[in-house]
S.K.: 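Got a structure here, written out as structure tokens. Questions coming.
Keep in mind that the numbers below use all heavy atoms, side chains included, and drop hydrogens, waters and symmetry copies. None of these values were measured; they are calculated from a predicted model.
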2 protein chains.
Amino acid sequence: MPRPKTRIQQKNSETILEAALEVFSAQGFRGATLDQIAEVAGLSKPNLLYYFPSKEAIHQALLTALLDTWLDPLREINPMGDPVAEIMGYMRRKLELSRDFPRESRLFANEILQGAPRMRAAIEGDMKALVAAKAGVLHGWMDQGRIARVDPVHLLFSIWALTQHYADFDVQVRAVLGDGHDPYAEAEAFLKTLYRKLLAP
Amino acid sequence: MPRPKTRIQQKNSETILEAALEVFSAQGFRGATLDQIAEVAGLSKPNLLYYFPSKEAIHQALLTALLDTWLDPLREINPMGDPVAEIMGYMRRKLELSRDFPRESRLFANEILQGAPRMRAAIEGDMKALVAAKAGVLHGWMDQGRIARVDPVHLLFSIWALTQHYADFDVQVRAVLGDGHDPYAEAEAFLKTLYRKLLAP
DNA sequence: GTCTATACTCTGATAGAC
DNA sequence: GTCTATCAGAGTATAGAC
């Protein structure tokens with residue numbers, strides 16, 4: 001990928017990544033084709049490969065940018081804040097990520113589901129370290145009796161599972177709910193109740 | 001697909017479906033190839049296509065069988081039973097499905113994630129109807145004050161999300177936990193606590 | 001029923017004109 | 001920088017021998 005210098009290069013790179021996100025998140029890596037991405041981007045296939053050296057490289061660029069976005073809400077948990085408010089805020093921010101960036105959530109889910117062939121290092125490195133640090137914070141709050149004692153890592157897993165479910169299984173959620181529902185608004189109310197009860201000391 | 005009559009036909013069909021499950025669940029529909037399935041099955045590629053008319057047909061056979069297995073635990077919820085015990089039992093059976101049939105869970109997740117192109121009818125039909133029926137049962141229990149009042153459908157979503165997470169995101173769960181953990185045993189303890197608190201009237 | 005050989009299509013990537 | 005044309009390989013499916 002040539003270092004985007006000019007405005008036009010910058011713009012085209014972004015157009016390609018946007019189109020690639022659309023296609024990869026809906027079809028998975030193998031299911032997506034350069035033809036589809038080119039069509040969505042409104043560019044020719046060889047032109048895609050002028051900006052990125054390969055299909056693999058486009059995918060990798062998306063994943064690299066994604067992990068940071070994905071972990072940001074967790075980083076924001078403040079050890080000095082009010083425990084329940086911090087955890088509720090984290091849950092809410094993760095749910096907002098699902099609502100506002102469902103394609104990113106599905107891109108991530110596709111990758112993990114298939115064994116994380118291109119993200120394993122990041123998961124075993126950055127993600128694991130961050131989770132360990134924040135689990136320590138949660139543990140401290142439990143020791144102080146400020147929230148109920150539960151397994152801190154599984155508490156984080158539960159927030160991931162419950163919030164990402166609404167993006168990753170969107171089709172199923174909407175099909176089962178039927179018309180006239182706002183899945184994310186209902187989810188927020190349900191999850192608030194759930195975590196308020198779970199965390200009460 | 002020829003109606004399996006002889007014992008050898010029966011056996012080969014099963015061998016193919018077992019191999020196909022292995023490959024489809026790990027790679028998705030497009031990512032899987034007949035070559036891979038043939039190799040895992042220990043058969044030649046044309047031989048696969050003697051038993052099933054196409055790659056599509058193999059996949060369809062797996063999905064059709066899957067949905068029933070997947071919904072069985074929900075069907076077993078007994079309106080006459082003890083509400084908390086019934087819901088806890090459902091959660092536990094779903095978690096056991098994730099633990100004992102993780103490939104089936106990932107096959108299902110792959111399908112939904114990509115928009116359920118081959119399962120939409122079943123979801124909008126059987127699954128939606130079953131959920132509506134069981135949501136009615138839950139509602140009745142809430143009206144009687146036997147469990148806390150929460151959105152019954154989102155309660156079911158939460159059980160799906162939390163239990164399937166351990167199969168679908170297995171790689172991430174194990175990477176983050178590190179060695180020396182039994183994810184499913186820990187999950188069961190965590191989820192028991194979670195639902196006991198959530199459901200307490 | 002099972003195999004080898006092969007037809008045909010799709011797809012990632014490159015060549016080369018402009 | 002962008003396009004048309006095209007190559008090479010992979011992948012689904014079929015033909016036909018045994």
Side-chain angles (χ1 to χ4, degrees), chain A residues 1-64 107 110-111 114-115 117-118, chain B residues 1-63 107 110-111 114 117-118:
Chain A
M1 164 174 44
R3 278 266 159 270
K5 290 175 181 174
T6 76
R7 203 159 298 168
I8 225 174
Q9 284 172 332
Q10 180 72 37
K11 184 170 178 301
N12 275 346
S13 281
E14 284 166 13
T15 302
I16 292 169
L17 288 175
E18 156 64 26
L21 173 61
E22 182 73 24
V23 179
F24 280 132
S25 67
Q27 317 271 353
F29 179 75
R30 296 280 308 264
T33 70
L34 289 179
D35 274 315
Q36 289 174 299
I37 298 173
E39 185 176 346
V40 173
L43 296 170
S44 70
K45 192 162 48 163
N47 207 1
L48 255 61
L49 295 169
Y50 170 77
Y51 286 96
F52 294 87
S54 66
K55 177 184 178 181
E56 189 62 54
I58 302 177
H59 193 247
Q60 192 63 56
L62 284 174
L63 285 185
T64 303
L107 179 72
N110 262 306
E111 171 69 10
Q114 307 197 356
R118 300 167 183 88
Chain B
M1 165 174 42
R3 277 267 159 268
K5 290 174 181 173
T6 75
R7 203 160 300 169
I8 225 173
Q9 284 171 333
Q10 181 71 36
K11 184 172 178 301
N12 275 346
S13 282
E14 284 168 13
T15 302
I16 291 168
L17 289 175
E18 156 65 25
L21 173 61
E22 182 72 24
V23 178
F24 280 133
S25 66
Q27 316 271 354
F29 180 74
R30 297 278 309 266
T33 70
L34 290 180
D35 274 316
Q36 291 175 298
I37 298 173
E39 184 176 347
V40 173
L43 296 170
S44 71
K45 193 161 48 165
N47 207 0
L48 255 60
L49 295 168
Y50 170 77
Y51 286 96
F52 294 87
S54 66
K55 177 184 177 181
E56 189 63 53
I58 302 176
H59 192 248
Q60 192 63 56
L62 284 174
L63 285 185
L107 180 72
N110 263 306
E111 172 69 10
Q114 307 197 357
R118 301 168 182 87

S.K.: Could you give the CG-to-P distance, from A:L48 to D:dC3, as a whole number of Å?
M.R.: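 It works out to 10 Å between those atoms.
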S.K.: Give the intermediate values and the outcome of side-chain hydrogen bond (donor to acceptor under 3.5 Å, both in side chains) for residues B:N110 and A:Q114.
M.R.: CA-CA 9 Å; B:N110 263 306; A:Q114 307 197 356; 3.3 Å; yes
S.K.: When the ring planes of A:F24 and A:H59 are compared, do they come out parallel, tilted or perpendicular, using 30° and 60° as the limits?
M.R.: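 Ring orientation of A:F24 relative to A:H59: perpendicular.
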S.K.: Is any side-chain heavy atom of B:F29 closer than 4.5 Å to a side-chain heavy atom of B:K55?
M.R.: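 A side-chain contact exists here, since the closest heavy-atom pair is under 4.5 Å.
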S.K.: Over how many whole Å does the gap from B:K55 atom NZ to D:dT12 atom P extend?
M.R.: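 Rounding to the nearest Å, NZ of B:K55 and P of D:dT12 are 4 Å apart.
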S.K.: So A:T64 and A:Q60, do their side chains get closer than 4.5 Å, heavy atoms only?
M.R.: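 A side-chain contact exists here, since the closest heavy-atom pair is under 4.5 Å.
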S.K.: Give a yes or no on whether a donor-acceptor pair under 3.5 Å exists between the nucleobase atoms of D:dG11, that is its base, and the side chain of B:K45.
M.R.: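 Checked by distance alone, the answer is no.
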S.K.: Let me know the distance between CG of A:L49 and P of C:dT11, rounded to the nearest Å.
M.R.: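 My rounded result for the distance is 15 Å.
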S.K.: State which of C:dG1, C:dA13, D:dT12 makes the closest approach to the side chain of B:I8.
M.R.: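 Ranking C:dG1, C:dA13, D:dT12 by closest atom to the B:I8 side chain puts C:dG1 first.
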S.K.: Is any side-chain heavy atom of B:L34 closer than 4.5 Å to one of B:I58?
M.R.: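 When only atoms from C-beta onward are counted, B:L34 and B:I58 do touch, with a gap below 4.5 Å.
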S.K.: Starting the side chain at C-beta, find the nucleotide from C:dT2, C:dA13, D:dT12 nearest to B:Y51.
M.R.: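 Out of C:dT2, C:dA13, D:dT12, the nucleotide with an atom closest to B:Y51's side chain is C:dT2.
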S.K.: How many Å lie between CD1 on A:I16 and C1' on D:dT2, as a whole number?
M.R.: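 It is 12 Å, rounded to the nearest whole Å.
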S.K.: Between atom CZ in B:F52 and atom P in D:dA13, what is the gap in whole Å?
M.R.: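 Nearest whole value for this atom pair: 13 Å.
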S.K.: Could you identify which residues of residues 22-44 of chain B place a heavy atom less than 4.0 Å from some atom of DNA chain D, listed by residue number, or say none?
M.R.: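 Correct list: B:A32, B:T33, B:L34.
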S.K.: Within this structure, what is the CZ-to-P distance between B:R7 and C:dG1, rounded to whole angstrom?
M.R.: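 Those two atoms, CZ and P, are 13 Å apart.
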S.K.: Among the nucleotides C:dA5, C:dT2, D:dC3, which one has an atom lying closest to any side-chain atom of B:P46?
M.R.: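 Selected nucleotide (nearest to the side chain): C:dA5.
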S.K.: CD of A:Q9 to OH of A:Y50: how many Å apart, nearest 0.5 Å?
M.R.: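 Taking CD in A:Q9 and OH in A:Y50, the distance rounds to 5.5 Å.
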